[in-house]
Protein chains: 2
Amino acid sequence: MRASVPVTMNGLKTACSQCNLVELCLPFGMSDSELHQLDELVGGRRKVKRQQSLYRAGDPFEAIYAIRAGSFKTDVLLEDGRDQVTGFQMTGEILGLDGISTESHSCNAVALEDSEVCVIPYAKLEQLSHEVEGLQHQFHKVMSREIVRDHGVMMLLGSMRAEERLAAFLLNMSQRFTARGFSAAEFHLRMTREEIGSYLGLKLETVSRAFSRFQEEGLIAVQQKHIRLLDTTRLRKLVQHQTAGCGR
Amino acid sequence: MRASVPVTMNGLKTACSQCNLVELCLPFGMSDSELHQLDELVGGRRKVKRQQSLYRAGDPFEAIYAIRAGSFKTDVLLEDGRDQVTGFQMTGEILGLDGISTESHSCNAVALEDSEVCVIPYAKLEQLSHEVEGLQHQFHKVMSREIVRDHGVMMLLGSMRAEERLAAFLLNMSQRFTARGFSAAEFHLRMTREEIGSYLGLKLETVSRAFSRFQEEGLIAVQQKHIRLLDTTRLRKLVQHQTAGCGR
DNA sequence: CCTGCCCGTTGATCCACGTCAACCAAAATA
DNA sequence: TATTTTGGTTGACGTGGATCAACGGGCAGG
């Protein structure tokens, strides 16, 4: 072991090569030597307290962010007050990609709990992409993944019914917790029913009712924000096919 | 004028520097000298007949495509047959970005009319991005724009009512036709009511009724797929605020 | 301990949109 | 020309989820 292990404190230099989130984050799949070249990438860290914004719609775009700890939601809002949660982000995921197109952010990123991010100055990313074979490609993959994910949400919003949407949401969360080494069957949601509803295009009451219904049916066990998945097979069936019969 | 102007035929080399869509397409904003470096970018052209696929979900990803002429829709489908149109694309717009993440396409791209695309081999794009200052950035912008667009659609699907969605759709089409030098107030839709409905998360009957209602109210004139916008101000108001009163 | 606030649950009612069905026009085919 | 097919419109009716409203539990602060 080396002496100079990066310390988790504001302002201190962060090294991707020393980070245990590397498997989930931007440098995923890069070689060891490439990884060391990336140690220049992160400009610093930033802590964001629960309910605070990492950035807001309209803010000038300067950097993208990799979540080191905690979780976020992103949302857009219309002048009339209506808003829409466009995504929930967990450790290792990248925030801020929306800002590249107009050089200013088009949504708000709000911490769902006390969190910390790595600040990746966009100019530095572009520059390093020229030098480090593999970074460019990896970054493209991250952006492309975001597009594919958004298409999935569009599918969900455009052609699924309430319970199908919630089932899809729960399975997605489960899968992402699993990827982070947590239990696939038992987890703690950091967002409120209203936020889930906004994301799924439903009212909070509908979300609550769907939770209750799933519980009645023995699909899950709900205790506040703590969720246990009891029958993922049936949950999966629910997403793709509708409860049963109905054929078409 | 030079003699060697590129000819619009299959297999013939296409040069971005000679293309009149440059303002709308990937090379937007690049300098003349950069533009000439891009003449290597396009691998060739491909004609796609109406109703035919440019690529299908699952196809291996090799290239992205710039639309030279015509228009496309992209859609995803669930095993149970439900499908969702995720977007409509016009000349100058880029198709295929979804394929980068998994190295295989995640949706279908279908021509809405006889169309032609420039094939941009992805490997060549990555390579040229290293050499041509500006191409990388421009490409990032294109991807980011797609993400922002998708968020807009999520907003629409998640928190707007039928007529608001259609109004937003019409205004968006108008704006894109304008950018291409066509009339802002009068245009021809290439897609069916069902495809519009799928995109907007509505049934075709609902789309049809909304068209009729807009016509009754003097907002638009509809004649089959030919649309004339008569009162864009009220259309815009409809999108953001709901018809009138109703407060919250 | 009590108090207040936020969040979630549940019930009753309403309505926007889906569903089902008939019909028609335009376009494709013969 | 008649004939089928495809896409669009319109009406009648049903329903999933929104809305409105009451209530309750967890938790922070006094």
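Residue numbering restarts at 1 for every chain, and letters A, B, ... go by the order of the sequence lines.
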Taking [atom1] from [X] and [atom2] from [N], how many angstroms apart are they, rounded to a whole number?
{"X": "Gln223(B)", "N": "dG8(D)", "atom1": "CD", "atom2": "P", "value": "14 Å"}
{"X": "Leu202(B)", "N": "dC17(C)", "atom1": "CG", "atom2": "C1'", "value": "8 Å"}
{"X": "Leu200(A)", "N": "dA18(D)", "atom1": "CG", "atom2": "C1'", "value": "15 Å"}
{"X": "Ile220(B)", "N": "dG8(D)", "atom1": "CD1", "atom2": "P", "value": "14 Å"}
{"X": "Met160(B)", "N": "dA18(D)", "atom1": "CE", "atom2": "P", "value": "16 Å"}
{"X": "Leu156(B)", "N": "dC17(C)", "atom1": "CG", "atom2": "P", "value": "12 Å"}
{"X": "Gln215(B)", "N": "dG8(D)", "atom1": "CD", "atom2": "P", "value": "15 Å"}
{"X": "Phe214(B)", "N": "dT9(D)", "atom1": "CZ", "atom2": "C1'", "value": "16 Å"}

Exercise for review: Could you tell me whether Arg50(A) and Glu113(A) have a side-chain N and a carboxylate O separated by less than 4.0 Å?
Suggested key: no

Exercise for review: Output yes when Arg145(A) and Glu93(A) qualify as a salt bridge under the 4.0 Å nitrogen-oxygen rule, no when they do not.
Suggested key: no

Point to revise | All side chain to side chain contact (heavy atoms under 4.5 Å, CB included) counterparts of Ala184(A), not counting sequence neighbours | key: Ser174(A), Thr178(A)

Review point. For Gly197(B), which contact category applies under a 4.0 Å heavy-atom criterion: base, sugar-phosphate, or nothing?
Key: nothing

Check your understanding: Looking at residues 188-195 of chain B, who's got a heavy atom less than 4.0 Å off DNA chain D?
Key -> Thr192(B), Arg193(B)

Polar side chain donor-acceptor pair, [X] to [Y], under 3.5 angstrom:
{"X": "His226(A)", "Y": "Glu186(A)", "value": "yes"}
{"X": "His188(A)", "Y": "Gln224(A)", "value": "no"}
{"X": "Arg180(A)", "Y": "Thr91(A)", "value": "yes"}

Practice item. List for me each residue that meets side-chain hydrogen bond (donor to acceptor under 3.5 Å, both in side chains) alongside Arg234(B), sequence neighbours excluded, and say none if there are none. Key: Asp231(B)

**Study point:** Contact pattern, 5' to 3', of nucleotides 10-16 of chain C - B, S or - by protein heavy atom under 4.0 Å
**Key:** BBB---S

Study note, to complete from the structure: With sugar-phosphate taken as primed atoms, P, OP1 and OP2 and all else as base, the protein-contact string of nucleotides 25-30 of chain C at under 4.0 Å (heavy atoms; B, S, -) is -S----

Point to revise | Side-chain heavy atoms of Val153(B) within contact of Tyr199(B), under 4.5 Å | key: yes

Check your understanding: Does the Asn108(A) side chain pair with the main chain of Ala57(A), one donor and one acceptor, at a distance under 3.5 Å?
Key -> yes

Review point. Given that Lys203(A) and Gln51(B) both sit by DNA chain D, which one's nearest nucleotide is further toward the 5' end?
Key: Gln51(B)

Practice item. Would you please classify the geometry between the Phe182(B) ring and the Phe177(B) ring as parallel, tilted or perpendicular, with 30° and 60° separating the classes? Key: perpendicular

Throw together a table of side-chain donor-acceptor distances under 3.5 angstrom for residues 202-215 of chain A, partners on residues two or more places apart or in other chains.
{"residue": "Ser212(A)", "atom": "OG", "partner": "Ser208(A)", "partner atom": "O", "Å": "3.1"}
{"residue": "Arg213(A)", "atom": "NH1", "partner": "Glu163(A)", "partner atom": "OE2", "Å": "3.4"}
{"residue": "Gln215(A)", "atom": "OE1", "partner": "Val222(A)", "partner atom": "N", "Å": "2.6"}

